[in-house]
Amino acid sequence: MKARAARNRLSGRWLIAALPYLWLIAFFLVPFLIVLKISLSQTAIAQPPYTPTLDLAAGWEGLKAFLGQLSFSTYGLLLQDDIYLFSYLKSLQIAALSTLALVVIGLPIAYGMARAPARTQAILLVAVILPFWTSFLIRVYAWINILQRDGLLNDALRALGLIDEPVAWLASDTAVYIGIIYSYLPFMVLPLYANFQKLDETLLEAAADLGCPRWKTFFVVTLPLVLPGLAAGALLCFIPIIGEFVIPDLLGSSQTLMIGQTLWTEFFANRDWPVASAIAVVLLVLLVVPIAFYENVQSRQIEER
Amino acid sequence: MRRGFTPWADPNAKPIVRFDAVSKRYANTVAIADLSLDIYEGEYFALLGPSGCGKTTLLRMLAGFEAPDRGRILLAGEDIVGVPPYRRPVNMMFQSYALFPHLSVFNNIAFGLKQDRMPKAEIAEQVGKMLQLVRLEGLADRKPHQLSGGERQRVALARSLAKRPKVLLLDEPLAALDRKLREETQFELMELQSRLGTTFVIVTHDQEEAMTVAHRMAVMNRGHIAQVDTPQQIYEQPNSRWVAEFVGDVNLIEGKLAASANGVVLEDAQGRRFRAGDGAQARPGAPAAFAVRPEKLKLALAPPPADTLNTISGRVVDIGYLGDVSVYKVRLDDGATMKASVTNATRLAERPIGWEDRVWLSFAPDAAVLLTA
Ligand SMILES: Nc1ncnc2c1ncn2[C@@H]1O[C@H](COP(=O)(O)OP(=O)(O)O)[C@@H](O)[C@H]1O
Ligand SMILES: [Mg+2]
């Protein structure tokens with residue numbers, strides 16, 4: 001009896017430890033292997049629209065035949081048409097520039113929040129999180145309203161006498177940048193705010209005491225100490241922005257072709273599942289670098305506690 | 001302590017720090033109330049007082065982190081109110097040490113020197129000297145989180161001394177250390193201070209620490225200074241009941257002054273008369289107290305000769321054995337208690353006074369201090 005209870009307890013503990021791995025295997029590794037498999041297939045007019053398909057009924061021989069038909073030829077296709085390279089680069093460019101802008105905008109916001117009196121801080125924090133209460137899609141649609149020819153922005157600028165003719169904001173890179181910066185700002189501000197708040201006020205006094213003026217203290221003491229938060233925020237924005245689809249699709253033009261849209265086109269318009277899958281696999285490999293960096297930053301931060 | 005170092009007694013000496021009628025209040029607490037204080041060059045000066053009496057506030061006003069509401073603060077004769085902290089030639093060692101966690105020990109100590117744009121080679125030399133001074137030569141490349149509490153304390157000290165400040169401010173610098181290390185460090189600080197000749201202003205709530213290290217100390221109470229003097233004077237000649245009770249243990253005998261030809265005579269409520277050797281020209285009939293330190297009371301099992309002055313009798317109700325001394329609590333016949341401490345010069349078994357024993361306490365006239373405040 002006792003031994004069995006102990007064994008049950010042991011397996012229970014084992015299950016808890018294994019849970020995150022089971023989760024990752026079920027919802028990350030398996031789907032990735034399926035996508036990888038599709039990227040190694042060829043298009044076909046069939047259901048599903050690619051060959052080969054794995055026939056488990058055929059047993060060992062069937063598996064061998066299946067593996068023999070897989071090839072990397074689809075990846076060669078990605079090199080032949082400029083559109084893929086173009087949209088990868090465009091995605092990188094948009095992600096890099098908007099992350100930079102997010103840092104520049106997010107830093108003073110987070111700093112100001114952390115310096116505010118305790119009650120104001122709570123209000124400001126809610127204000128930053130509040131947009132999450134409405135659907136992301138609706139918020140992007142709202143930007144269409146704001147940015148269109150006779151939208152809010154043009155009306156406001158005209159009322160202020162800054163422009164005579166309405167500006168075509170929509171369907172441009174600018175609109176995409178505005179949409180991305182707006183949507184991702186909380187992901188930049190929150191980790192930064194947490195770091196600013198942790199910052200020991202007496203360190204700033206110590207810097208002043210040792211002869212360091214305030215503006216300089218920001219760069220030699222404050223900024224280095226919030227760097228982990230800055231890195232976390234930047235990667236939390238950069239990584240998903242690269243794969244962003246909704247914002248460029250709704251606010252951008254044909255010139256703002258990000259990799260997510262190219263993937264969508266291949267998958268739904270061209271029904272070319274292997275190419276779409278290959279794009280996804282390449283994207284993932286490209287993202288492994290910043291993700292690994294992020295992991296590194298995180299674990300270093302945990303170590304220093 | 002340097003012999004004959006008494007600049008405060010010299011009427012021509014110019015103080016390096018002068019608080020001149022300084023007041024400071026936070027929202028609804030008065031932190032400093034109309035306080036004046038002079039500190040002289042080369043002094044090791046202690047601010048002593050209970051928690052919340054305004055010691056830190058006073059120090060922070062000197063460092064420039066708080067501005068007084070009223071009054072002037074002079075440093076070497078110049079009013080420094082309004083001068084930002086980074087332009088004041090004073091440095092502070094913070095209670096929490098406030099070491100920069102992202103910088104190595106070397107760079108922490110070099111931080112202040114870099115602000116002065118000192119050439120690299122000179123910085124390295126000065127940091128080396130400071131590391132030697134606090135005996136941390138091998139640890140220049142460590143980060144603060146890789147140091148022990150005592151090592152961090154020494155880095156903080158080295159950092160605050162690196163710029164050779166005119167005045168070094170220390171806010172409870174030893175509070176985080178354990179007792180043994182604290183005592184060692186007290187002596188190191190004294191040695192360091194007399195070697196460098198820098199003016200030290202230390203804040204502490206630990207009277208033993210203040211008395212050990214300081215040339216002079218200011219005893220503070222609720223934003224006021226109750227008394228400023230050398231530790232010996234404050235212990236032997238407290239100027240008020242509050243100071244007498246705050247610094248060390250004391251027995252207070254309350255009563256009224258009586259007319260007398262020689263010395264001061266105090267008559268308590270029971271009509272007992274006590275005599276003190278000296279005292280100001282006291283007005284007969286005024287309420288007053290005699291303060292007698294426990295170690296100045298003589299304790300005897302037999303009544304002293306009938307003509308012995310200042311004798312009281314009572315029963316031992318408590319004995320506190322502290323190792324070097326034993327403290328006897330004696331309940332007098334009128335219900336009041338007095339404390340007498342006796343050096344344990346002999347072994348425990350040979351000491352004859354026990355619980356419930358009737359004892360006679362007496363003190364010499366010059367052991368009592370007359371207090372009217
Ligand atoms: N920043 C502040 N805001 C409000 N009250 C303060 C502040 N700093 C200190 N005080 C108050 O001022 C008084 C003196 O404080 P402080 O100088 O820190 O005392 P000490 O160092 O002697 O313990 C205390 O009553 C304290 O509560
Ligand atoms: Mg304090």
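Within every chain, numbering begins at 1; the chains are lettered A, B, ... in the order of the sequence lines, protein sequences first and strands thereafter.
Using a 4.5 Å heavy-atom threshold, the side chains of B:Pro101 and A:Leu203 count as touching. By the 4.5 Å heavy-atom criterion applied to side chains, B:Phe94 and A:Asp200 are not counted as neighbours.
Atom CZ of B:Phe111 sits about 10.5 Å away from atom CG of A:Asp209, to the nearest 0.5 Å. Expressed to the nearest 0.5 Å, how far CD of A:Glu205 lies from CZ of B:Arg60 amounts to 4.0 Å.
Contacts of A:Leu225 with chain B are made by side-chain atoms alone, with heavy-atom separations under 4.5 Å and no backbone atom involved. Residue contact with chain A, scored on non-hydrogen atoms closer than 4.5 Å, is absent for B:Leu113.
The minimum heavy-atom distance linking B:Gln115 with A:Gly211 is given by the pair CB-O, 3.6 Å. Nearest heavy atoms, A:Ala208 versus B:Phe65: CB-CE2, 4.4 Å.
Within a 6.0 Å sphere centred on CZ of A:Phe219, heavy atoms belonging to other residues, nucleotides or ligands number 12 at most. Around atom NE2 of B:His205, no more than 12 heavy atoms belonging to other residues, nucleotides or ligands sit under 6.0 Å away. For A:Arg139, the CZ atom is densely surrounded, since the number of other residues' heavy atoms within 6.0 Å is greater than 12. The 12-atom threshold is exceeded at CZ of B:Arg152, counting heavy atoms of other residues, nucleotides or ligands nearer than 6.0 Å. For A:Arg115, the CZ atom counts as densely surrounded, since its 6.0 Å shell holds more than 12 non-hydrogen atoms of other residues, nucleotides or ligands. Around atom CZ of A:Phe293, no more than 12 heavy atoms belonging to other residues, nucleotides or ligands sit under 6.0 Å away. Heavy atoms of other residues, nucleotides or ligands lying less than 6.0 angstrom from CD of B:Glu78 number 12 at most.
Contacts with chain B were tallied for A:Val220, A:Val221, A:Leu204; A:Val221 has the most, counting heavy-atom pairs under 4.5 Å. Heavy-atom pairs under 4.5 Å with chain A were tallied for B:Pro89, B:Pro84, B:Ala98; the largest tally goes to B:Ala98.
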